[in-house]
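Comments concern the structure below.
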Amino acid sequence: MPELAEVAFASKSWANGMGHKVLQVETLNASRVFRDIDPGLLKRGLRGSDLLESKTHGKKMLFRFSGNRWLGLHLGMTGWLHREDAEHPTGKHDALILRQDEQALVFRDPRQFGRVLYHRDKEPPPWWIDLPPEVHSREFTLQLVRSVLHRRKRALVKAVLLMQEFFPGIGNWMVDEILWRARIHPAERAGDLSPAKQRALWKETKFVAKGALSTVGKRGGDPPRKWLFHVRWKNGGKCPLSGTALLRETVAGRTTCWCPSRQRLKKS
DNA sequence: TACAATGTTTTAAG
DNA sequence: CCTTAAAACATTGT
């Protein structure tokens, strides 16, 4: 589920826990989400500390606790945050539970592609510095997009949009939404895009990111009505703009949906 | 049964 | 060393 806006929304599930002490920590030690850290260290580190602040960047989440403790989370493919009752019984896929007075803050991830990081230091963790500009920020410039498309000129544009070091937070459905709006075929080579298409890619990336954040990011649920999102998940959909039957095929290893009349592949 | 699922990392090859 | 493509990871639902 989680791309840019879903991550922003999910992080709010723990908002009620801000300013409250963590009384107990439970970790599902066998879960692959702990592949980078010792869950025992995390457990001892967070017990007794206060949850102070949360941030997101792309698909990454960072939680700051008292005592110079930091928790990093990535939701992977099936991860999500939940706020449960204080008496919440530990579930099968509850990888991490922070138990507070009034509630239990849960990180649940059945498929375990998510990730838990822990850091203890006055300064933010090393994995939270030197992050690329958010795609909805002023620093995400046309010039930056052009240089990325040039550096990855032989790769398919679909694959390039999925690279988190350049387009943090953009995931599979957002790429399809962006390319559909920009009228770019997903299997086009990044270096083959005309200057006009490069600009369209930049502009629609910002549009989709901001649009998703102001809808999905605020209230959860779905993006606006006329978006490709609503028709991209199964075969038989029609383009909301042209009415053409949409195509669904694997491009760059991911299921991809596009409109063959709006998004044409330049013949080589 | 077999395949696909809103993601990253590792491995291999060029 | 850089770039690109494919496999791997683990579970659930259709």
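In what follows, every chain begins at residue 1, and chains take the letters A, B, ... in the order their sequences are listed.
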Item to check | Arg99(A) bridged to Glu84(A) by N-O distance under 4.0 Å | outcome: no
Looking for any heavy atom pair under 4.0 Å, which part of the strands does [X] touch: base, sugar-phosphate only, or nothing?
X         : answer
Lys60(A)  : nothing
Lys153(A) : sugar-phosphate
Arg248(A) : sugar-phosphate
Gly171(A) : sugar-phosphate

Considering just the side-chain nitrogens and oxygens of [X], establish if one lies under 4.0 Å of OP1 or OP2 belonging to [N].
X         : N       : value
His93(A)  : dA10(C) : no
Thr78(A)  : dA5(B)  : no
His74(A)  : dT8(B)  : yes
Arg232(A) : dA5(B)  : no
Gln112(A) : dC9(C)  : no

Item to check | Assigned partner base of dT11(B), Watson-Crick or wobble definition, under 3.5 Å | outcome: dA5(C)
Checklist entry - Is there a stack between Phe113(A) and dT8(B), judged by ring centres under 5.5 Å and planes under 30°? => result no
Next on the checklist: Within 45 degrees of the ring normal and closer than 6.0 Å to the centroid, is that where the cationic atom of Arg262(A) sits relative to Trp180(A)?
Outcome noted: yes
